[in-house]
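To start, the structure itself, in structure tokens.
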Amino acid sequence: MPAARILVVYFSRSGVTARLASMLAGALHADLEAIRESGADRDPARSGVRGYLRSVVEAVRQRPAAIEPSTHDPAAYDVVIVGSPVWARSVSSPVRAWLVAHRASLKHVAFFCSLGGSGAANVFDQMRMITGKPPIAQCEVTASDLHAGKDQRLIAEFAQRIGQRLTVLNTVEWTL
Ligand SMILES: Cc1cc2nc3c(=O)[nH]c(=O)nc-3n(C[C@H](O)[C@H](O)[C@H](O)COP(=O)(O)O)c2cc1C
């Protein structure tokens with residue numbers, strides 16, 4: 001049976017989600033893609049108090065950001081794992097934009113988010129609604145998990161759940 005092709009896609013304003021995404025991609029031997037903003041939405045537009053407030057407003061209004069085209073073709077992957085910071089208990093606007101642009105080409109999905117402490121369940125609901133797909137696994141990492149040094153274990157367990165689910169899905173698909 002060939003190895004599953006896995007893509008990890010994420011947006012990160014201040015580096016936390018980026019670090020989790022690269023740990024995950026390393027654990028799963030996956031390709032990694034950072035969502036890049038385009039035009040007026042590009043950094044430093046997200047920096048400072050103005051950038052913070054702008055991000056809150058976009059998240060609350062469920063407005064997708066302007067983003068650059070994807071460098072990897074999501075249709076070429078068995079599973080795409082999408083990571084977002086939680087913004088105002090919502091998915092971040094660049095991740096919303098990426099999901100809207102690519103939802104039709106996603107085969108299987110898994111979701112993860114990084115957050116201060118509240119809103120992960122709402123973010124996972126939004127990601128599921130946008131893609132129209134139930135995730136094969138999901139994982140949240142809070143600021144207190146980071147401070148307690150639990151992030152590596154949480155990501156390793158998440159990677160393991162994805163691996164197990166892919167084995168089951170592959171078996172089902174090969175027997176049909
Ligand atoms: C605009 C904005 C809104 C946020 N809203 C929330 C929130 O509703 N709940 C929460 O737990 N954390 C919230 N946070 C904290 C981030 O989710 C958290 O710091 C995350 O780890 C940042 O990820 P990043 O470094 O990849 O950007 C917010 C941060 C920003 C910038």
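In listed order, ligands and their atoms are each counted from 1.
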Subject >> Heavy atoms of other groups near Arg89 CZ, more than 12 under 6.0 Å >> reply: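 No, CZ of Arg89 has 12 or fewer neighbouring heavy atoms, counting only those of other groups under 6.0 Å.
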Can you tell me which residue and heavy atom of the protein come closest to [atom], and the distance to 0.1 Å?
atom	value
atom 27 (O) of ligand 1	Arg13 N, 2.8 Å
atom 25 (O) of ligand 1	Ser14 OG, 2.5 Å
atom 16 (C) of ligand 1	Val86 O, 3.6 Å
atom 15 (C) of ligand 1	Gly116 N, 3.8 Å
atom 8 (O) of ligand 1	Arg89 N, 2.8 Å

Heavy-atom side-chain contact between [X] and [Y] under 4.5 Å:
X	Y	value
Leu169	Ile136	yes
His29	Ile6	no
Val109	Leu99	no
Phe124	Pro135	no

Original post:
Can Glu33 and Ser70 be counted as having a side-chain donor-acceptor contact under 3.5 angstrom?
Top reply: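 Yes, side-chain donor-acceptor contact under 3.5 Å.
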Original post:
Under 3.5 Å, is there a donor-acceptor pair linking the side chains of Thr142 and Asp145?
Top reply: yes
Relative to the heavy atoms of [X], which atoms of ligand 1 are at a distance of less than 4.0 Å?
X	answer
Pro85	22 (C), 23 (O), 27 (O)
Ser55	1 (C)
Ser114	17 (O), 20 (C), 21 (O), 22 (C), 23 (O)
Ala88	3 (C), 4 (C), 5 (N), 6 (C), 7 (C), 8 (O)
Thr17	23 (O), 24 (P), 26 (O)
Ser118	7 (C), 8 (O), 9 (N), 10 (C), 11 (O)
Gly117	10 (C), 11 (O)

**OP:** Output yes when a protein non-hydrogen atom is found under 4.0 Å of atom 19 (O) of ligand 1, and no otherwise.
**Re:** no
**OP:** Please confirm whether Gly119 comes within less than 3.5 Å of ligand 1 when only nitrogen or oxygen atoms on both sides are compared.
**Re:** no
Original post:
ligand 1 and Ala18, any nitrogen or oxygen pair closer than 3.5 angstrom?
Top reply: no
Original post:
Any idea which of Tyr52, Tyr10, Phe11 brings a heavy atom closest to atom 30 (C) of ligand 1?
Top reply: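 Of the listed residues, Tyr52 has the closest heavy atom.
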Original post:
Which option, Cys113, Ala120, Ser12, owns the non-hydrogen atom nearest atom 26 (O) of ligand 1?
Top reply: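 Going through Cys113, Ala120, Ser12 one by one, Ser12 has the nearest heavy atom to atom 26 (O) of ligand 1.
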**OP:** Starting from the C-alpha separation in whole Å, work towards a yes-or-no answer on side-chain contact (heavy atoms from CB on, under 4.5 Å) for Leu20 and Phe112.
**Re:** CA-CA 9 Å; Leu20 301 175; Phe112 69 102; 4.0 Å; yes
**OP:** Give a yes or no answer on whether the side chain of Thr167 reaches the backbone of Gly163 with a donor-acceptor pair at less than 3.5 Å.
**Re:**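 Yes; judged by distance alone, with no hydrogens or angles, the pair exists.
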Subject >> Side-chain donor or acceptor of Ser84 paired with backbone N/O of Ser92 under 3.5 Å >> reply: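 Checking the backbone N and O of Ser92 against the side chain of Ser84, a donor-acceptor pair under 3.5 Å is found.
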Original post:
Picking from Val95, Thr131, Val91, what satisfies side-chain contact (heavy atoms from CB on, under 4.5 Å) with Gln126?
Top reply: Val91
